[in-house]
Amino acid sequence: MPTATPTPAPTFTYGSFDLSQNRVFAGQVATVTTVERYTSDTAPFYSVESQQASLQKSRSALELSYDASKLLVIRFAGETAVFNPAEVSFTNADGVKWQRTRTVTARGDAATFARFPNMEYVYIAEQQVDEDAREPNAAAASRDTMRYFLIGERTRDGDIPLLGTTNYAVDLNTTRVGRNRGGGFSVFGDVALAIDHANGSVTARLSAQQGSYTTGTTPETATLVFSGTISANGISGAITSPDSSYTGVFTGNLFGPRGIEAGMVFTLTRPDGVRAAGRLFGRRR
């Protein structure tokens with residue numbers, strides 16, 4: 001009897017970050033909107049009046065179209081934002097930034113499309129909107145919206161590991177947290193994300209601290225515990241914190257061959273009204 005010929009394993013081809021190529025991406029979105037009102041003629045001048053956060057978990061929540069001429073089109077939540085080549089404020093081989101300054105009659109818009117350092121398949125994509133939120137007979141106010149987009153070269157369904165545990169060294173950053181007018185939480189290079197493919201579990205425990213904060217204040221810190229599941233190439237779950245009152249939700253995907261990279265976007269909330277959007281990216285170690 002002739003020997004059966006083994007079925008060859010499927011091969012998968014992945015794109016790479018290349019600003020000379022036209023590309024279209026779909027992805028998930030984490031958003032936070034902050035309203036600040038003018039309260040004093042001395043620093044810090046403005047105080048946070050309200051914040052809202054939302055997480056769109058659908059992989060098609062966003063459409064981002066990049067043209068090699070450096071034209072960027074973002075379609076999200078029924079709105080289309082177009083950034084023209086003339087609005088490029090910075091560019092090199094690693095990415096492009098666009099900027100439209102706010103005026104009396106028009107909102108400000110900024111966008112970024114870039115690669116992460118030491119990452120190949122998960123990309124940076126974000127949009128910031130700055131609007132006048134002044135109400136009649138009220139003090140001046142501004143409404144700032146930051147959107148983190150999760151895009152890149154997602155791992156193909158037939159290329160996702162089914163057994164074993166993959167550990168990732170991750171970076172994390174968020175929009176501004178707390179009330180001290182400092183920056184967001186950040187974590188760099190912490191080998192803390194584990195995906196158990198056999199059990200379908202996703203876990204991470206990260207010690208986060210504000211990357212910047214106002215002189216005379218104490219930087220915020222929080223242990224953020226991510227606990228969720230992976231099904232096919234969809235990651236989702238909840239965030240808790242044993243040493244702070246932050247809670248949150250996250251969504252994400254694997255990226256690149258055999259899930260060599262992982263990416264998530266998430267939101268954080270606190271009972272006192274503080275809200276933040278964040279992103280987490282990791283590479284297999």
Side-chain angles (χ1 to χ4, degrees), residues 27-32 53-59 61 116 118-119 121-126 146-152 154-155 160-161 164-178 183-211 220-256 259-271 274-285:
Q28 303 98 306
V29 185
T31 302
V32 65
S54 63
L55 184 68
Q56 282 72 44
K57 297 182 179 181
S58 169
R59 292 190 193 182
F116 278 96
N118 305 316
M119 303 283 282
Y121 303 103
V122 187
Y123 305 146
I124 298 173
E126 62 188 38
M146 175 60 81
R147 296 167 180 155
Y148 287 153
F149 306 137
L150 182 61
I151 63 170
R154 290 195 193 101
T155 303
I160 298 170
T165 298
T166 305
N167 295 298
Y168 297 85
V170 301
D171 292 349
L172 173 149
N173 62 75
T174 74
T175 57
R176 185 176 67 189
V177 294
F185 283 138
S186 59
V187 175
F188 298 103
D190 191 350
V191 184
L193 172 65
I195 297 180
D196 186 323
H197 299 284
N199 295 329
S201 65
V202 178
T203 56
R205 186 181 181 94
L206 297 151
S207 298
Q209 178 174 310
Q210 275 185 301
E220 288 216 18
T221 61
T223 301
L224 302 177
V225 179
F226 291 69
S227 181
T229 59
I230 179 170
S231 178
N233 193 7
I235 294 171
S236 63
I239 303 168
T240 57
S241 177
D243 54 10
S244 77
S245 56
Y246 283 103
T247 59
V249 289
F250 65 88
T251 184
N253 302 111
L254 300 180
F255 293 84
I260 191 171
E261 294 174 359
M264 303 178 194
V265 288
F266 60 90
T267 55
L268 293 174
T269 65
R270 210 169 66 182
V274 169
R275 305 286 185 266
R279 54 193 173 196
L280 179 155
F281 301 104
R283 189 169 176 87
R284 186 171 63 213
R285 290 293 182 263

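Ring geometry for F116 against F281 counts as tilted: the plane angle lies between 30° and 60°, on a 0 to 90° scale.
Looking at heavy atoms from C-beta onward, L206 lies out of side-chain contact with L193 at the 4.5 angstrom threshold. Under the 4.5 Å side-chain criterion, counting only non-hydrogen atoms from C-beta, D190 is not in contact with S207. Two residues are said to be in side-chain contact when any heavy atoms from C-beta on lie closer than 4.5 Å; I235 and I195 meet this criterion. Looking at heavy atoms from C-beta onward, Y168 lies out of side-chain contact with L280 at the 4.5 angstrom threshold. Between Y246 and V177 there is a side-chain heavy-atom pair separated by less than 4.5 Å. A 4.5 Å side-chain heavy-atom check between S236 and T229 finds at least one atom pair inside the cut-off. Side-chain contact between M119 and I124: absent, with no pair of heavy atoms (C-beta onward) separated by less than 4.5 Å. In this structure, M264 and F226 have side chains that are in contact, with non-hydrogen atoms separated by less than 4.5 Å.
Applying the side chain to side chain contact (heavy atoms under 4.5 Å, CB included) test to V249 and every residue at least two apart in sequence or in another chain returns L55, T267.
Nearest heavy atom pair, residue V225 against residue P242, reads CG2-CD, 3.9 Å. Residue P161 comes nearest to G259 through the heavy atom pair CD-N, 4.5 Å, listed as atom of the first residue, atom of the second, then distance. For the residue pair R205 and A192, the shortest heavy atom distance occurs at O-CB, 3.4 Å. F266 approaches N173 most closely through the heavy-atom pair CZ-O, 4.4 Å. Nearest heavy atoms, A30 versus G278: CB-O, 4.2 Å. In plain terms, the two heavy atoms of R59 and G234 that are nearest each other are NH2-N, 3.5 Å.
Judged by distance alone, the side chain of T31 and the main-chain N or O of A53 form no donor-acceptor pair under 3.5 Å. In this structure a side-chain-to-backbone donor-acceptor pair under 3.5 Å is present from E261 to Y121. Between the Q210 side chain and the E220 main chain, a donor and an acceptor come within less than 3.5 Å of each other. Looking at T223, its side chain never comes within 3.5 Å of a backbone N or O of D243 through a donor-acceptor pair.
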Walk me through it: do L224 and L268 pass the test side chain to side chain contact (heavy atoms under 4.5 Å, CB included)? CA-CA 10 Å; L224 302 177; L268 293 174; 4.3 Å; yes

Using side chain to side chain donor-acceptor pair (under 3.5 Å), reason through T155 and N233 one step at a time and then give a plain yes or no. CA-CA 7 Å; T155 303; N233 193 7; 4.6 Å; no

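Taking CD1 of I151 as the reference point, atom CD of E126 lies at 11.0 Å (rounded to 0.5 Å). Distance check: R279 CZ to T175 OG1 gives 10.0 Å after rounding to the nearest 0.5 Å. Taken to the nearest 0.5 Å, the OG1 atom of T166 stands 7.5 Å off from the CG atom of L254. For the atom pair L150 CG and F255 CZ, the distance stands at 4.0 Å (nearest 0.5 Å). Taking CE from M146 and OG1 from T174, the interatomic distance works out to 10.5 Å, rounded to the nearest 0.5 Å. T251 OG1 to Q28 CD: the interatomic distance, rounded to the nearest 0.5 Å, is 4.5 Å.
No side-chain N or O of T165 forms a donor-acceptor pair with one of N167 less than 3.5 Å apart. Side-chain contact of D196 with S201: a donor-acceptor pair under 3.5 Å is absent, judged by distance alone.
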